[in-house]
**Student:** 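After the structure tokens below, expect a handful of questions from me.
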Amino acid sequence: MLRCVRFGRLPKKSALTSYSYRLAHGHQQKFLAALDKKMIAGGLATESEAIFDLDFHAIMHWGTDPVLEKNYVPTRSQRARSVLTFFAQDSGTHNLVYANADLSKATQNREAIAFCDHWKGVSGSDPKMLIMDQKVTTQPVLGELDARGVKFATLRMRSPALVKRIKAVAPGDWKTVALDRPGPYNRPKVCEDAAVKLTSYPGTVRQLIVTGLGRDAPTVIITNDEQIKTKALIAQYARRMTIEQRLAEIIQAFCADALSSTVNLNVDLDIMLCVLAQALIAALRARLPGYATVTPDVLQRRFLETPGKITTSGDTITVHLDRRAYAPVLRQADLPHNTQVPWWGNRTLRYEIT
């Protein structure tokens with residue numbers, strides 16, 4: 001049998017609706033757990049370091065569905081009807097490892113705990129550290145993280161009392177820290193308090209007031225990690241911003257902002273597929289010489305959208321890729337010539353480059 005094929009983007013509503021309605025949140029979570037184990041084995045996630053960046057992302061709905069809650073949508077600078085999604089990124093590899101769209105305002109504060117449970121089921125132990133924005137969770141939940149031995153670093157809301165404390169910092173209390181990163185904001189000034197009491201947090205936290213990071217107002221970082229050095233903590237939190245880059249990439253490449261439904265569980269399937277697609281792209285990118293830092297949309301245009309022919313012969317499926325300008329890159333890539341697919345009746349998948 002001979003037929004043509006073009007490798008494109010993720011299937012959306014018309015292709016997924018027939019079976020997405022039969023799925024539940026548990027199915028997506030089991031799939032992500034199995035995917036994370038494969039990512040750890042393949043070096044796409046770091047089990048030993050176990051530091052993760054957490055963030056929410058609101059996928060805006062352009063209609064007037066009264067069932068959807070209103071969430072703040074940064075691209076619109078306003079609250080709007082939307083589906084709130086949650087993502088976790090491995091800080092070491094910058095790959096997404098977790099997502100959830102089955103959220104509500106009543107449950108969103110506990111997503112950090114839900115992710116800890118997920119990762120413990122995957123790796124056998126809790127994450128070592130979670131890096132997050134101040135809106136991800138609440139002080140009581142931070143207390144729960146501390147109680148189970150999970151370190152965290154987050155921002156503190158600037159209350160009137162905190163603003164007064166910042167203004168009262170004497171010039172001699174600031175310490176300059178040299179960060180190992182390019183750009184003009186690599187020598188911030190820091191004023192550190194070893195034990196600060198918060199309103200609803202049991203115990204005290206370590207507080208860093210940081211200026212010189214490119215923002216008008218000082219950044220206030222709080223953590224329960226008393227051992228990490230000041231320089232490492234600031235650099236770790238600064239790297240958290242890469243999760244926003246990952247989200248922008250899956251929006252651009254996989255249409256993550258295009259709702260296939262106003263039902264949370266259907267969107268839950270969509271973003272789980274985005275995590276899968278991002279992992280596959282990361283695995284491909286690591287095998288392509290010279291493409292270690294390119295975005296998924298570049299890989300799609302140059303490689304995944306290559307037309308070709310599929311030939312089925314017995315238990316072997318051969319994909320003949322047409323000749324294109326970037327075919328030499330594929331020939332030099334560390335790609336397996338024959339792959340046995342267990343869920344495909346152990347058939348062999350083979351690629352041939354013209």
**Student:** Would Lys151 and Asp126 count as a salt bridge (Lys or Arg N to Asp or Glu O under 4.0 Å) if you check the C-alpha gap in whole Å, the side-chain angles of each, and the deciding distance to 0.1 Å?
**Tutor:** CA-CA 10 Å; Lys151 302 301 182 183; Asp126 280 327; over 6 Å; no
**Student:** How about Gln134 and Arg156: does a side-chain donor come under 3.5 Å of a side-chain acceptor?
**Tutor:** no
**Student:** Contact between Tyr291 and Arg302 at the side-chain level, heavy atoms closer than 4.5 Å - yes or no?
**Tutor:**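 When only atoms from C-beta onward are counted, Arg302 and Tyr291 do touch, with a gap below 4.5 Å.
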**Student:** Do we see a donor-acceptor contact under 3.5 Å between the side chains of Gln28 and Asp268?
**Tutor:** yes
**Student:** So does Lys70 get a backbone contact from the side chain of Arg81, meaning a donor-acceptor N/O pair under 3.5 Å?
**Tutor:**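 Side chain of Arg81 to backbone of Lys70: no pair is present.
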**Student:** Are Val190 and Tyr185 connected into the same hydrophobic cluster when the rule is that any two of I, L, V, M, F, W, Y join if their side-chain heavy atoms are below 4.5 Å apart?
**Tutor:**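 No; Val190 is not reachable from Tyr185 via cluster members.
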**Student:** Less than 4.5 Å apart, any side-chain heavy atom of Glu111 and any of Leu103?
**Tutor:** yes
**Student:** Could you tell me if Ser91 and Glu49 have a donor-acceptor pair between their side chains, going purely by distance under 3.5 Å?
**Tutor:**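 No.
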**Student:** Closer than 3.5 angstrom, by distance alone: can the side chain of Ser159 be matched with the main-chain N or O of Leu162 as a donor-acceptor pair?
**Tutor:**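 Yes; judged by distance alone, with no hydrogens or angles, the pair exists.
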**Student:** Counting only pairs under 3.5 Å, give me each side-chain donor-acceptor contact of residues 212-235, with atom names and distances, residues two or more places apart or in other chains.
**Tutor:**
from: Thr223; atom 1: OG1; to: Phe152; atom 2: O; distance (Å): 2.5
from: Thr223; atom 1: OG1; to: Asp225; atom 2: N; distance (Å): 3.0
from: Asn224; atom 1: OD1; to: Phe152; atom 2: N; distance (Å): 2.8
from: Asn224; atom 1: ND2; to: Asp146; atom 2: OD1; distance (Å): 2.9
from: Asn224; atom 1: ND2; to: Val150; atom 2: O; distance (Å): 3.2
from: Asp225; atom 1: OD1; to: Gln227; atom 2: N; distance (Å): 2.9
from: Asp225; atom 1: OD1; to: Ile228; atom 2: N; distance (Å): 3.2
from: Thr230; atom 1: OG1; to: Glu192; atom 2: OE1; distance (Å): 2.8
from: Thr230; atom 1: OG1; to: Arg206; atom 2: NH2; distance (Å): 3.4
from: Lys231; atom 1: NZ; to: Ala178; atom 2: O; distance (Å): 3.4
from: Lys231; atom 1: NZ; to: Asp180; atom 2: OD1; distance (Å): 3.4
from: Lys231; atom 1: NZ; to: Asp180; atom 2: OD2; distance (Å): 3.3

**Student:** Is it the case that the side chain of Arg285 and the backbone of Val294 share a donor-acceptor pair, with hydrogens and angles ignored and the cut-off at 3.5 Å?
**Tutor:**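 It does hold such a pair.
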**Student:** Measure the CG-CG distance between Leu84 and Asn71 for me, rounded to the nearest 0.5 Å.
**Tutor:**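 The CG atom of Asn71 is 4.5 Å from CG of Leu84, to the nearest 0.5 Å.
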**Student:** In this structure, would Ile51 and Phe86 fall into the same cluster of hydrophobic residues linked by side-chain contacts under 4.5 Å?
**Tutor:** no
**Student:** Begin with the C-alpha distance, continue with both residues' side-chain angles, and end with the deciding distance and a verdict on side-chain hydrogen bond (donor to acceptor under 3.5 Å, both in side chains) for His94 and Asp53.
**Tutor:** CA-CA 9 Å; His94 296 168; Asp53 306 315; 5.7 Å; no
**Student:** Are side-chain heavy atoms of Val97 and Asp90 found at a separation under 4.5 Å?
**Tutor:** yes
**Student:** Distance from Lys135 atom NZ to Met157 atom CE, nearest 0.5 Å?
**Tutor:**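 Answer for the NZ-CE pair, Lys135 versus Met157, is 6.0 Å.
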**Student:** Give a yes or no on whether Tyr72 and Val267 share a hydrophobic cluster (residues Ile, Leu, Val, Met, Phe, Trp, Tyr; joining criterion: side-chain heavy atoms under 4.5 Å apart).
**Tutor:**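 Different hydrophobic clusters.
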**Student:** I'd like to know if the side chain of Arg148 and the backbone of Leu145 have a donor-acceptor N/O pair within less than 3.5 Å.
**Tutor:** no
**Student:** Can you see whether Phe115 has Lys120 sitting over its ring - NZ or CZ less than 6.0 Å from the centre and within 45° of the normal?
**Tutor:**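 The answer is no, since Lys120 fails at least one limit relative to Phe115.
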**Student:** Does the side chain of Gln278 pick up a donor-acceptor pair with the side chain of Asn95 at under 3.5 Å?
**Tutor:**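 Yes - a donor-acceptor pair under 3.5 Å links their side chains.
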**Student:** Does any donor atom in the side chain of Thr242 or Gln89 lie under 3.5 Å from an acceptor atom in the other side chain?
**Tutor:** yes
**Student:** Do Leu299 and Pro296 have side chains that approach each other closer than 4.5 Å (heavy atoms only, starting at C-beta)?
**Tutor:** no
**Student:** Indicate whether any N or O donor in one side chain lies under 3.5 Å from an N or O acceptor in the other, for Asn100 and His118.
**Tutor:**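 There is no such pair between these side chains.
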**Student:** How about His320 and Thr311: do any of their side-chain heavy atoms sit closer than 4.5 Å?
**Tutor:** yes
**Student:** Between Ser82 and His61, is any pair of side-chain heavy atoms under 4.5 Å apart?
**Tutor:**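 No - every pair of side-chain heavy atoms lies 4.5 Å or more apart.
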**Student:** Just checking, any donor-acceptor pair under 3.5 angstrom between side chains of Asn338 and Thr348?
**Tutor:**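 Absent: no donor and acceptor within the cut-off.
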**Student:** Other residues, nucleotides and ligands only: do more than 12 of their heavy atoms fall within 6.0 Å of CZ on Arg331?
**Tutor:** yes
**Student:** As an exercise, state the distance from OG1 of Thr137 to CG of Leu142, rounded to the nearest 0.5 Å.
**Tutor:**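 The distance works out to 5.5 Å.
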**Student:** Any side-chain to backbone donor/acceptor pair from Gln236 onto Ile131? Under 3.5 Å, distance only.
**Tutor:** no
**Student:** Any side-chain to backbone donor/acceptor pair from Thr154 onto Met132? Under 3.5 Å, distance only.
**Tutor:**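 Judged by distance alone, yes, a pair lies under 3.5 Å.
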**Student:** Heavy atoms, side chains only, cut-off 4.5 Å: are Leu155 and Tyr237 in contact?
**Tutor:** yes
**Student:** Is there a chain of hydrophobic side chains (I, L, V, M, F, W, Y, each step under 4.5 Å between heavy atoms) that links Leu288 to Leu321?
**Tutor:**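 Both belong to a single hydrophobic cluster.
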**Student:** Verify, without hydrogens or angle tests, whether Thr85 (side chain) and Ala101 (backbone) share a donor-acceptor contact under 3.5 angstrom.
**Tutor:**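 Checking the backbone N and O of Ala101 against the side chain of Thr85, no donor-acceptor pair under 3.5 Å is found.
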**Student:** Between Thr306 and Leu304, is there a donor-acceptor pair closer than 3.5 Å when you use the side chain of the first and the backbone of the second?
**Tutor:** no
**Student:** Got Arg187 and Leu179 here, is their nearest side-chain heavy-atom distance under 4.5 Å?
**Tutor:** no
**Student:** Sub-3.5 Å donor-acceptor pair from the side chain of Lys197 to the main-chain atoms of Tyr201, do we have one?
**Tutor:**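 Such a contact is found between Lys197 side chain and Tyr201 backbone.
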**Student:** Check whether the ring centres of Tyr98 and Trp119 lie less than 6.0 Å apart, and answer yes or no.
**Tutor:** no
